[in-house]
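In what follows, every chain begins at residue 1, and chains take the letters A, B, ... in the order their sequences are listed.
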Amino acid sequence: MNLLELQSLLPQLILALGATAVLMGGAWLENRRFWLLCGMLLALVAALCAALYEPPLLEVAGMYSTSLYARFCTVVWSLTIAATLLISCRYADLHCFGGGEYAALLLFAAAGMSLLSAASSFVGLFIGLEAFTLVLYILIAFNRTDNRGAEAGLKYLVFGAVATGFLAFGIALIYTATGSFHFAEALAGLQLDGGLRPLGLAGWAMLLVAIGFKISLVPFHLWTPDVYQGAPAPISGVMATAAKGAVLTAFLPLLAGLGDAAGEIKSVLWLLAILTMLGGTFAALPQTNLKRMLAYSSVAHMGYMLVALLIGGEVGGQALLFYLVVYSLATFGAFGVITSWALADEEIQEYAEIRGLGYLHPRRSSALAAFLFSLAGIPPLAGFFGKFGIFHAALRSGYTELAVIGVLTSLISLYYYLRPIIVLFMQDRSAYQLRSGCREEFILLGSCFAAILLFGVYPGPLLELVALVLP
Amino acid sequence: MIVPLEHVLILSTILFLLGLVCVLVRRNLIMILIGIEIMLNAVGLLLVGASAFWQQIDGQVMVIFLMAMTSAEVSISLAMVVYLNRRKGTVDVRAFDEMRG
Amino acid sequence: MTLLLALIPILPLFGGLVNACFGSRLPRPLSALIACGAVLGSFLATLGCWPGAAGEGLKTTLFTWLQSGSFSAEVGLLFDPLAAIMALMVTGVASLIHLYAAGYMEDDSDQARFFALLNLFVFAMLTIVLADNLLLMFLGWEGVGFCSYGLIGFWYRKTENAVAGRKAFIVTRIGDLFFTVGLLWLFARFGTIGIEAINSRAAELDPTTLTLISLLLLGGACGKSAQLPLMSWLPDAMAGPTPVSALIHAATMVTAGVYLLCRMFPLVSLSPLAMGVIACVGVLTAFYAATCALAQREIKRVLAYSTMSQVGYMFLAVGLDSVSAAMFHLLTHAFFKALLFMGAGCLIQLAGHENDIFQMGGMRRRSQTVFWLFLAGLLCLAGAPLTGGFFSKDLILATAFAKGDPFHLGIYGLGVLTAGITSLYSFRLAYLLFAGDFRGEELPHELPKLMIWPLPLLALLGLSGGLLNLPHLFGGRSWLSGWLERENDLLQIPLQSEYLLLGVAAAVFLLGWLVAHFRYRRFAERETEVCKQFFLTGWQCDAFFDRLLIRPFRKLCYFCWQGGDLGLIDGLVEGFARACLQWGHAIRFLADGRISRYLQGFAWGLLLIVGWFLLQAVR
Amino acid sequence: MTAETSITFPWLSLLLWLPLLGTLLCLLWRKSAAACRYLALGTTLLVLLVSVGLAVSLETGAGGWLLFEDYRWIDAYGIRYTLGMDGISLLLILLTAFLQVIAVLISWDMRKHPALFFALVLVLETGIIGVFLALDLVLFYLFWELMLIPMFFLIGVWGHERRVYAAVKFFLFTLSGSLLLLLAIISLYLLHGEQTGVYTFALAALKQTELNFTQEMIFYLCFMAAFVVKVPLFPFHTWLPDAHTEAPAAGSVDLAGLLLKTGVYGMIRFAFPLFPLAAEKSLPVLAALALIGLFYAAWIAYLQFDIKRIVAYSSVSHLGFVILGLAAWNQTAWEGSVLLMISHGVTTGALFVMIAMIRQRTATREVDKLGGLWQSQPNLSAFFLLFCFASLGLPGLANFAGEILILIGVFSSQPLWGAIAVGGILFAAAYMLRLLQEVIWGPCCEPFDKSDLCRREWLILIPLALLVIWLGCYPQPALDVMRAPIQLLLQGGMP
């Protein structure tokens, strides 16, 4: 690795080295808030660096690209991690997290995610994916006093490991079929009508199982609600947004490169998209736990994004990225509200526990309601233009059936998004007296809220940006 | 190449499926982890075979990465096993079904 | 002159509005004063306009009410001979009744509401009379319905009163539906709703349409005038205060139907079939109502049925092609019926708010004045020779006779029979009221002077009403027929037939009297007979309609509500929602918390993908 | 389409965003109920003032857009911020502005979260005005949905016993229709883009799209799905009685007076002009549904025990009349329909206002527990009588003028429909008189509060009553304003 290559990977390096430094430092100085803020600053610096610093090389070691697209993803994931660190301030105090480790692990995750989105070969993809998956194993079970956290950690570990097996096997099969790990060549190899093509398809099947797990497509979604419920709320937020988004963004160029050979794979994606939209929506209907509901809702949203992924190209990619950003803002915000409502011994997640909180904590409750409405796609919130883009893309590419199913599921989904809102605002007060939020939480929730409102009223700039960065 | 690629493929697939079955069938966490190790080793085998087939080195590089990753995963897994055993006094995965629905 | 014309309806409207808005804050006499003054002013304005009515009449347009496309409805007034005579009668009788009401309502706390509605009623009635187009007429038409509703249920604390008001409104509205359809149809055909324009172009219509439109107008008239089959509301309407019964349900509103038919006569008369139906409806109602009147026990119900019966005569007259006979009877009837009702009001007051004639008796001793006045009214009603009622009724019957064909002779026969019954029940009423001793328990009450004053005037008008259209036989010149420009309504029959008809009329009057004399001279509580019960309940019409219409209607409503709305539509919607939830539960239970189950999901998913690939490959 | 008018002062935007400004101020001063109250009143009055000012100063008799604004908005999809006001929109906006003042006044004593309440009422006003002004389909859809959230909260938070059920039902019903609308809008946009290469959501441009009949029918049905649910036409009406019954007074007023009208407006502004052939084909079905609804709702209303439900079903019945008028497809009937929309807004709004006042005094809406109100509250009862009779179509009061114009129009093109529809008037009388009977007549059921109207209530009722009488006796100014636009719409031209 020469200097130029290192320079090109500067943002990732900042994240990874910063994480190491924080980890070391955390062992000496036990000031939780300091390390969290430190981590946040590092993430912000990485984001700034990715946004402003023009990398000298277009590809690093044949594994990672430094295209605008990759930089955009790096910015987004770094900002997500920064936001997570910010919102965790109180939460970490409450649960006595080790500040250094927590910040370091999240920074590692950011590095992993940004590598994953930047991957231009299967090796890079594997490394990036594993890097943040390993970190998440730890983070999920980070709360050592919580049985549920342990269970969630276990579940994620077992499935993650199995999925890693599938991913690796899929990569190996593709490699066997094409003789290359690099996306362009590996995909080009699949085009041939050679005898090894079935092998490649088998590899893709394995790969899809692994992706299916990571972004929780039906029927690989079963772990999602349990893990989200058990993990600390900020971590659930990261998992529902950045972790899934990184996988999706990694596969967007992959599918685009597949070209004509993608027929079979797209038809599988088509099937998975339908299953996911329907399965996620219906399973979310009877939920009475906020985090589980959000988990199933994230499943359903993955279905929508899969539609965009499947369409690909400029239209699909634009819709996907816009949707991803908007969805992440809303979902992250929702988990942020749960974070900020957390008590020392437990998190408030059951609907029965949040009855009538809307008037006790009006700002956070209204923010939650806004996030949920945005997820439901009700204007004037950003979710509307997200869905608009997906349906637009689907209709434009002739996937009318997907658009119709999407419309149907978003109608049904409204019911489960309304339920917490009803509980919050339309029922009598529960006995819970929650702590009032801290400044950091309000800043973050406020900016999430402002963003979904802004993108709901004036999505133009974001749409243009997204169109600009598309590979 | 002495061994044909087909044989490597078949063997590694069998190994992978054995590992998968182990994961599916066993209830003991340790055994499940062992099944996963078998799956990953099947991958390693296939990669090495393919690397030999294509006369390229990067397949073997990937195996190195894989091993490193596996060891990291195992260390985390074992830590988790210890942690879980301390909490619930068992490593039977059936004990962990508190969250459902 | 046009200003004066506009004042005719505007004055009562103004009076009504003032009373409605500020009535409860005005000192008590002032509210009555405004009401009476408004109507009296209207009467004077009518008198003032009178000279302009002859020939083409006066016309004025105040403003455009509704204009859209080719449709245009102006608020325009037409003061031609027909409208003039009607307006004069309405304002005249209304003035007297307002005076009476001022006395009658002296002690009522809701006096302002009463006078507001009464004034508004006069306004609406005058709108019917003066309207130059059908839509404006319809405004008045519905307006009188509203006021009648409000006044029947005036003493709202008793639920029956309010129910009676509602019944009146709904039943008359059934008639209004026909009127509305007729109006729409006329507009569709002529492109205008002006009464004069329609009448002058009526001949353009083909006979079927003409007949149907005429029948629709008849339907409207039937509703308002309580003719068969829309008659059942009128007896119940007697729940209102007596001045209301006198004004609305005797003198003016119930004759609006007759007026409508007279107004549209050039149109209606072109259809022989419709004319026949009108005559039949008229004479049948006359007969029906007369029989019902025979058995009634409440004084006002007797009068109500007699009103229905007399209005039936007017319909008969229209059906016989004789507008002037109809108007003649309308006028005389208005005088004597108002007199009878107000007299009845006095009697009820004297008897201590007792309605039941079986509980009265001997009322002559309580007030001689009222006795004589009431008797004058009854004589008119019964058709005692030389009274107004005699002449007008005779003219109608003679017209029927003069037609000569079997159909009209049959009608004549039924008419004469009805006249006999009329005489019978009039004298039954007289005997039950005045003969013998008082049978009730209540102490007598005093009569306010204001309640007596208007009566003699009306008695005079009623008794001498014949002068309006005195036939040549008696040396008269049939002024009314001339005024209405209906000279061909005059009878063209030989002199001896005319004498014969007069003789028959006098004979049935005497016959009715005699029968009543022998039957009711001495009061005896008779056992209720089946026949009597049948007549008392108005031929069981209420029960019949209840069975035939109201109960099925309620069932239909119930079916729509429970079956359609809650059952079918909501059931489908909620069923869909429930199904969604159940699928949700089913999918939810896949995630049972077991790691092994979740891992199986992986395996199934892998199989699914591989299988799908294979499927694609096979294809 | 006059582009130069957009250079002048953006009156339409002012009208549109004023209420939202009020919302923000309300939320800022949420600690003080009185401040919110006056802010809301001030804002709604200001909107009323501006709209009345526009109505007076503009030359309303002319066809075409009275005011027009057009700005770039979202270039990526070709979405523009296009507002336009013609006679019909002007009338509906006047109605909106007026009823919102009433809605604020009737909720003057709101004790439960007043700031939020008034804020939502103001957001709702923006949504409704936006629907009446928007000419870009996506902008329209945005406002169309914007109405949902405040209404959902108004019903769900300030409603009565079954409020949550009603709110959810309202939300889901209306959204189910509008999502189809969204699909159709996007498809139409794509089709137009493929044909012309210009991707735009502008109504005027999309009208030029060439469609074959099947496409046109499908699009039309999707559009109508949204509008028909909102109107609501039989058999999509079951959300309305529930929503009305449970909503607070202001919610009911807005719902009946304004929200329902947006559905009709959507039809005449978007569905019919965009898909004239399909619309023409659908008229008999539309008329049949309208006629069924007209009778069906009236029959159901006759049996209801909850006075709000009676009025709610009467709304369904009246809107059936409106749709019937549209289905007749001629000038007179359309003028009647628009006029009836306005009159119905005023009368039904007034009735809901009165029901709220009655409820305040008696604490019940059950007919069994009411009665004889005239005895203790004669003034209140007199107004109630007036509005009930206006609602049942007494000539000279508001609803009659619209109804008779509709009947004349319908009769001239389809005599049978017209003749049947006349029957609806009878049943309207049946249920309205029953309502009157149970509430103000009969023996007195002691209300716990025997006070008659207070000053604020007089202030609410007198304008309503005057308007009801004015619309009944002299609706000509309103008819003049809507004449030219309706002519243009019927000819298929853009106003």
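- Every residue two or more places apart in sequence or in another chain was checked for a side chain to side chain contact (heavy atoms under 4.5 Å, CB included) with Pro362(A), and none qualifies.
- When heavy atoms are compared at a cutoff of 4.5 Å, Leu179(D) approaches chain A by way of both its backbone and its side chain.
- Using a 4.5 Å cut-off between heavy atoms, Leu395(A) touches chain D through backbone and side chain atoms alike.
- Heavy atoms of Leu408(A) lying under 4.5 Å from chain D are absent altogether.
- Ile422(A) has its side chain within reach of Phe152(D): a pair of non-hydrogen atoms, C-beta onward, lies under 4.5 Å apart.
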Anything under 3.5 Å between chain A and chain D that's a donor-acceptor pair? List each one with its distance, please.
residue: Arg396(A); atom: NH2; partner: Tyr199(D); partner atom: OH; Å: 3.1
residue: Met426(A); atom: O; partner: Arg163(D); partner atom: NH2; Å: 2.8
residue: Val457(A); atom: O; partner: Trp73(D); partner atom: NE1; Å: 2.8

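- For Leu463(A), the part lying near chain D is the side chain, with the backbone staying farther off; criterion is any non-hydrogen pair under 4.5 Å.
- With a 4.5 angstrom heavy-atom cutoff, Leu116(D) touches chain A only via side-chain atoms.
- For chain A, the nearby parts of Leu172(D) are the backbone and the side chain; heavy atoms of each come within less than 4.5 Å.
- Checked against side chain to side chain contact (heavy atoms under 4.5 Å, CB included), Val325(A) has the following partners two or more places apart in sequence or in another chain: Phe72(A), Leu329(A), Leu462(A).
- For Leu191(D), no part lies under 4.5 angstrom from a heavy atom of chain A.
- Residues Val407(A) and Leu182(D) form no side-chain contact, since every pair of their non-hydrogen atoms from C-beta on lies 4.5 Å or further apart.
- Looking only at side-chain heavy atoms (C-beta outward), Pro379(A) and Leu146(D) stay at 4.5 Å or farther from each other.
- Both the backbone and the side chain of Phe388(A) come within contact range of chain D, with heavy atoms under 4.5 Å apart.
- Ring orientation note: the planes of Phe373(A) and Phe171(D) are close to parallel, at an angle under 30° on the 30°/60° scale.
- Shown here are the side chain to side chain contact (heavy atoms under 4.5 Å, CB included) partners of Cys36(D), two or more places apart in sequence or in another chain: Cys26(D), Ala115(D), Phe118(D).
- Atom CD1 of Ile378(A) is separated from atom CG of Leu175(D) by 4.5 Å, given to the nearest 0.5 angstrom.
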Worksheet item: Under the side-chain contact (heavy atoms from CB on, under 4.5 Å) criterion, do Phe385(A) and Val138(D) qualify, and how do the steps go?
Response: CA-CA 10 Å; Phe385(A) 276 111; Val138(D) 173; 4.2 Å; yes

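- For the pair Val164(D) and Phe425(A), the minimum side-chain heavy-atom distance is 4.5 Å or more.
- Ile149(D) touches chain A through its side chain: at least one heavy atom from C-beta onward sits under 4.5 Å away, while N, CA, C and O do not.
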